[in-house]
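Encoded as structure tokens, the structure appears first; notes follow it.
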Amino acid sequence: MKILFFFLFFLFILERQSELPRGVSPENRHLYLNKPTFTCHDQSKTIKFSYVNDNYCDCEDGSDEPGTSACSETTFYCKNEGFKPKIIFSNRVNDYECDCCSGEDEWETGVCENTCLIELQKEIEKEKELKKQRKLAFEFREARNPKVFKLAQQKRKTLTTIEKKLQIITQILNKCNSIFQKIHSGVFDQQTQQELQQISSMVSSSSLSSTSFWNQMSPKFTRKNGFQQKFVEEVHKLESQYQHLAEKYLQLQLFKKENLELYQNYLYLYNQVINFKTPDGEYEYIFKPFISLVQHGLKSNNDVTIGSWGSLGIDNFQENYPNGEQCWNGPIRKVLIHFECSVNSEIISIEETDRCFYEMVFKTPGACQDIDDDYDDDYKQQFLKKSNKKEL
Amino acid sequence: MLNSLIKHSNSSLWLKQTLSWNGLNQIKRFYDQKVVDHFENPRNVGALDKKKQSVGSGIVGALACGDVMRLDVDIDDEGVIKQAVFKTFGCGSAIASSSLATELIKGKSVDEAMGVTNTEIANELSLPPVKLHCSMLAQDAIRAAICNWKEKNPNHVCVCGPEIAMSPKKNRIIFNLYLATDPKKNKQFQLLYMKKVICFFLFLFILILCCECADQSKFKLCSQSTFCENNREIRKNGSGPRFSFVPSSAKIDENKNLFQVDLLRFDELEPKLFLEISSVIPGVVRVKINEKDPDLNRYQVEGVLLTENFNYQNAEIVTQNEEFVLLRFGSEKEKHVDVKLFYGPSWKIEILNSDGEKIIVLNHDSLFNFEMDKKDFLLNKEKQKEDKKEEKKDPGKEKEEEKEEEKEKEKEKEEEKEEEKNQEDDQPNYEERFGGNTDSRPYGPSSVALDVLFPDTEHIYGLPEHSTKLSLEDTEEGEPFRLYNVDILEYETESRMSLYGSIPVIISKPNNQKTLHGIFWFNPSDTWIDISTQEAQTKTKLFGKNSHVSKRAHWMSETGVIDLFIMTGQEGKMYQVFEMYDTLTGFPYFPPSFSVAYHQCRWSYKTQKEIQNLNEKFDEYDIPVDVFWMDVDHTDGKKYFTFDPRTYPDPKQLSKTVSEKGRQLVAIVDPHIKKENSWELYKEAQSNDYFIKKSDGQTDYEGHCWPGTSKWPDFLNPKVIEWWSSRFSYDKYEGSTNNMHIWNDMNEPAIFNGPEMSIPRDTIHLGEIEHRNIHNSYGLFVTKGTFEGLIKRNKNQNERPFILTRSFFAGSQRYCTIWTGDNMANWDQLKYTESMLLSLGLAGAPLSGEDTGGFLNNPDEELFSRWFQTFAFHPFFRSHSHTDTKRREPWVFGDPYTSIIRESIKIRYSLLPFYYTQFYKASTKGKPIMRPLWLVFPEDVNLLNEEVENFSYMVSSSILISPISEKNQRSKEVYLPKGNWYDFHTLERINSKGKSYKIDAPLEKIPIFYRGGKIVPRKMRVRRSSRLMENDPITLFVFLDENKKSSGTIFIDDGHSYDFKNSKKYIHQKIIFQNNKLFTKTFHSNYDPALIERILIFGLDQTPKNIMDNNNQDLIFNIDENMDMITIKMPNLSIGHDWQIFIQ
């Protein structure tokens, strides 16, 4: 009974579709009802209905020729029965090139065969393959990610310590800055001395590695020759500490709470190194997820960081690694990573698509969607119904 | 968090540096470790006390060009360099080069140090080719420093005068280090030296203020070219050595087409020269002057003219008396040309048209010069000196300014000294040095020069390729126009410097006449042309005083013979001169139809995949494209005729992929051959001895180009052309296919380390011909070989080649399309390239275009869009960009710009039937495709005084384009000659009285007009590529003039083969509107007819009741009264059939 109903429904659809002028999508059906006249969609003109699809462009908006190439800037709707419908530019109609699997775009030239069934089968095969991949990827992630997650608890502590230290150093450096400016302009007053003392206590209270210089900063401290130079030296030391810590900090950023959530599918990539050699044999790329992408010149033997991981959000499985090294006379290098689903992690390609802007295609299990049943597309259902019917 | 921390800290300036913790060691990526090392740890930075006697200091380079190098040396009494230090402002390579230079010369003797060459430095550092100039700079710096020391220590006399010269454009100063190894020879410079040094530093200071610069110091100025300066000197002195015709020797040969006469120098007994006059085709006179009995035969050009078997015109002597002889060429009354030869004291030739009007006068001002041999050169100098003295004694004659006189005196002194020196030596040395290179000039001076007067002519045109205004300006105040093919990066507008190609043709437009004449100076050696205006007052009884403005061109060529063609046009025939010129040098080739469409290029699409992606992207954005271009990187190590197996693994597949959508590929093939012994092609050329030789005539010349050390095939050798062409066969050129076409670049030839970026002039071609003789024609011969190759690669030899060239000469139009080389993305270039293309068209090379968007630098969205809007109308339409620029495929900028560009390209595609017809016409009649307005409207005198700002041009004589070449310009004053004009975008009519109209030019459009009286065929179904549009129907746009008339032609064939020629398979039809009737006139119809889907008639001013075809069938039509437009729907007619339509 059910089958019969479907069958009737199918016929009904077919019949309704047959009424439609060529190239009109079902949604626009109401615009092409068979009447004696046709009014251009922009209301500019009313013409005989026989002028619709007569291979001559009467309407300025091209609405009278949905099924031919006579008008520019319009589209053609391929029904592609048995597969997905497709909308193409009408300048592709009857140009001896097959753009619809049904071949209906070449209705006049007749140079195309109907390949929709083949397309559908391909698509289903692909889906199957994807499903399999997704399953494997899921298993892979389940096996690896929890380990990194455990590690994270530990690392997070380090991260907090570093963060605190960095904050202190920043404060100190800012203070030093104002002190320096004063000293530089020849002022060394009580306030300066107080500030120096403050710094001294900040240094000692934090666990920064410090030198005797800061310990000298007692209230009785007086300025000696060479003070300024020493001061600057100390600031430089602090800076290098800062730099050192900042690098460490960046490497641990994955373990921030928000990042752990954001990248929960990708945690297994921590501490991984993925290499890729360009086809021309010029470069090898060294990709350290969550850290950086480095370009290694195989001939010049030089390394250039083309992107460093920032704490930027993930967007459509694309991720930015900005802040690479600056190009000679050019912009700062950056990388955009396109994630694709795969069972193994590998780089597919890296190309400099614009000057100093790289795009990398990276396949990895983390990019695979979770398994779900998504056989909901109409055409697939129809196909399944059909094949079920056959089986019946 | 961290980012904010960093930002926070950055607020303090002095901390900033240390916090940029990424470490900017970017130069590492490209360079050898040594460069990086010398850059990171430069040795010997600093300066020495210049006041010290033992210290020599040299500054070279131009800050404006990017690099300035100061090198100081401290030299002990033995002449050994104790210390060398430098300061360099410039790129890493420049710093590394100077650092290494100091290392190299330390401890060396002065002479040894002078011997350090740039190659040594470059090799040591393995500099990439683009940075070779840095090592040259270092070499110059060493020499300058040592010379400076020698200055101070006169026991080691040596003079290096930095030559300072102002280029015509203000704010640009160029200087050049002159260096002499022979201390005796250049004493004269010493006098000027101190003065110059002061100026030098002053200029250096000014240099800091200026910003734009092509590296002009690499190229000669007239003053740096001996023969140019000598010939200019002759002009300054009034005249050259006087020659007269020997009346007794005058004779016409037995075939009655060649007149000969001897030329005798006033101070000699025997004539050494002779002159020949003939008329090779009706209206064209050839004048040739050569040595009678030369010690050494002068080179006479071969292979440039289409043929040497001319249809000689009959010559007869009309009158002969003591003063002159009058010759007549051609028997036909209307078409004959008269030539009047005045015997002398200084010979003169007048060319007269059939009405007896003077068209052209040769040697009017006695600037004729013919340097014959070394001895002659010396005598000549002597004489000049005497002449000068004589003239100086004559105070009435002198009107020169005092300053000039001073200069002259100075020069005189210099010359005297030089002469003394020369006389001291038994063997005079004619070496010419420039930019660190020495031209041995073993044959001594052999320049030829002649002045050509265009009487009663205010405007002359031509002499491409120069980035100047179309009408040639006077050059007395600055540099002459130069024709010497060179590779010039970042060339500038309004400069008379030579560029990539040259056509020694001047077209003259006589005042108040509707005709054009032309001069073709047939000499491919280094040529300079000075242009000047002469005003003469004549009195006539009727009109009183009359002032005549004439133009004079002073031609100066380095060597060869004098051989020139004078093309005389008849009144009322504006295009005759082009046909004459093409009969001599060949009509333009007729490339396949895809070449008329849009081309997409970039240096480089590095992988096959990139092109495949483009192929998809263009479709995705619905932008039509026909051709994808593969620049140098597609080759395997810059070995042409190969593909890089890693990046282009399957070029045949690529070819197939793009051809599925009717698209094509173009691959670059340059004429430099990588010196690589294991490469089969190199071996083949090497074993057959196909390369150009050094001046010794024995060893192969080697130079630097893209692949590194390379050699250049001797295309003067017919066997080499044969070999080169054989390399294009599909089996030898692996991966090539029949939809892959060829681009010949760097064929000047361009050589990174050569003099003036090219090959030394004393290199030797087959038959011991010195390169200087043929230089400008080298590029032509390369394309000739390529053309033959592309013909031969197909068995039936029936496919039309498409070739693009950068270098060209007269005759190149037979083989290839030309583009204007490496332009820049700025508004100025947008403005001037169109004059360049117009000039090319007038000089017989109508198939030309340029890098749309500008090759160098990044155009902004507006510039890029404007560029497409006007360049879409140029004969060759290709977008190209430098590897250092941002990507700029048409979709990169996004809307509205992408839409604007899409629209521009689609307009071009819709006009393909029209353009293709113009290409065909160019190939049969030689008519330019892009035309200046005055060519189409010769009666409108307003048009002659072109103003760059209000510049417009025509495509054929049907469409007027007025480019927008200012940023933010949104309207333009457009001059429309008298008549009907129809706005291209709105189709509104303007009935012009011959004045300017303010036309809106929002970002979306530029002013474009159809001309009333013209029918334009279009295809309104624009598809992905031109081939996919082949079978589409045609729309006829009929624009009526004030008399309700109109006409237009259309040519159709298969678009790719020679069938149109060999089996006459084509349609050539004229469509005419007259007396309310539209009808055809078929010249030829032997191809598939093309359906007409629509006919639009504009400007009829009446409402027709019915429209019928010749079968009395009523046609469906539509009237838009506002627009005065009649639309005939599907008239069921075809191009190729005869038909008529009646409007009632």
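In what follows, chains carry the letters A, B, and so on, assigned in the order in which the sequence lines appear, proteins first and then strands, with residues in each chain numbered from 1.
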Taking [atom1] in [X] as the centre, count heavy atoms belonging to other residues, nucleotides or ligands within less than 6.0 Å. Is the count above 12?
X: A:Y96; atom1: OH; value: no
X: A:E113; atom1: CD; value: no
X: A:H244; atom1: NE2; value: no
X: A:D42; atom1: CG; value: yes
X: B:E660; atom1: CD; value: yes

Between atom [atom1] of [X] and atom [atom2] of [Y], what is the distance when rounded to the nearest 0.5 Å?
X: B:R1023; Y: A:S72; atom1: CZ; atom2: OG; value: 11.5 Å
X: B:K606; Y: A:E351; atom1: NZ; atom2: CD; value: 10.0 Å
X: B:T647; Y: A:E282; atom1: OG1; atom2: CD; value: 10.0 Å
X: A:N91; Y: B:M1029; atom1: CG; atom2: CE; value: 9.5 Å
X: A:Y56; Y: B:I1116; atom1: OH; atom2: CD1; value: 9.0 Å
X: B:R1021; Y: A:N55; atom1: CZ; atom2: CG; value: 4.0 Å

Exercise for review: Could you list the residues that satisfy salt bridge (Lys or Arg N to Asp or Glu O under 4.0 Å) with A:R92, not counting sequence neighbours?
Suggested key: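 Expected list: B:D622.
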**Study point:** A:D95: partners by salt bridge (Lys or Arg N to Asp or Glu O under 4.0 Å), with sequence neighbours left out
**Key:**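 If we apply the salt bridge (Lys or Arg N to Asp or Glu O under 4.0 Å) test to A:D95, skipping adjacent residues, the hits are B:R1024.
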Give the member of [options] that has the highest number of heavy-atom pairs under 4.5 Å with chain A.
options: B:T885, B:D619, B:V1022; result: B:D619
options: B:K886, B:K609, B:R888; result: B:K886
options: B:D884, B:T883, B:T607; result: B:D884

Check your understanding: Does a side-chain heavy-atom distance below 4.5 Å link A:C57 with B:E1093?
Key -> no
Exercise for review: Check whether any side-chain heavy atom of B:N1118 sits under 4.5 Å from a side-chain heavy atom of A:K45, and report yes or no.
Suggested key: yes
Exercise for review: I would like to know whether B:K1129 and A:Y51 meet side-chain contact (heavy atoms from CB on, under 4.5 Å); could you show each step before the answer?
Suggested key: CA-CA 11 Å; B:K1129 175 175 173 173; A:Y51 283 9; 3.2 Å; yes
Below 4.5 Å from any heavy atom of chain A, which atoms of [X] appear? Answer side chain, backbone, both or neither.
X: B:T1127; answer: side chain
X: B:E889; answer: neither
X: B:N1031; answer: side chain

Check your understanding: Should B:K906 and A:E73 count as an ion pair when the cut-off is N to O under 4.0 Å?
Key ->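 Salt bridge between B:K906 and A:E73, a charged N being under 4.0 Å from a carboxylate O: yes.
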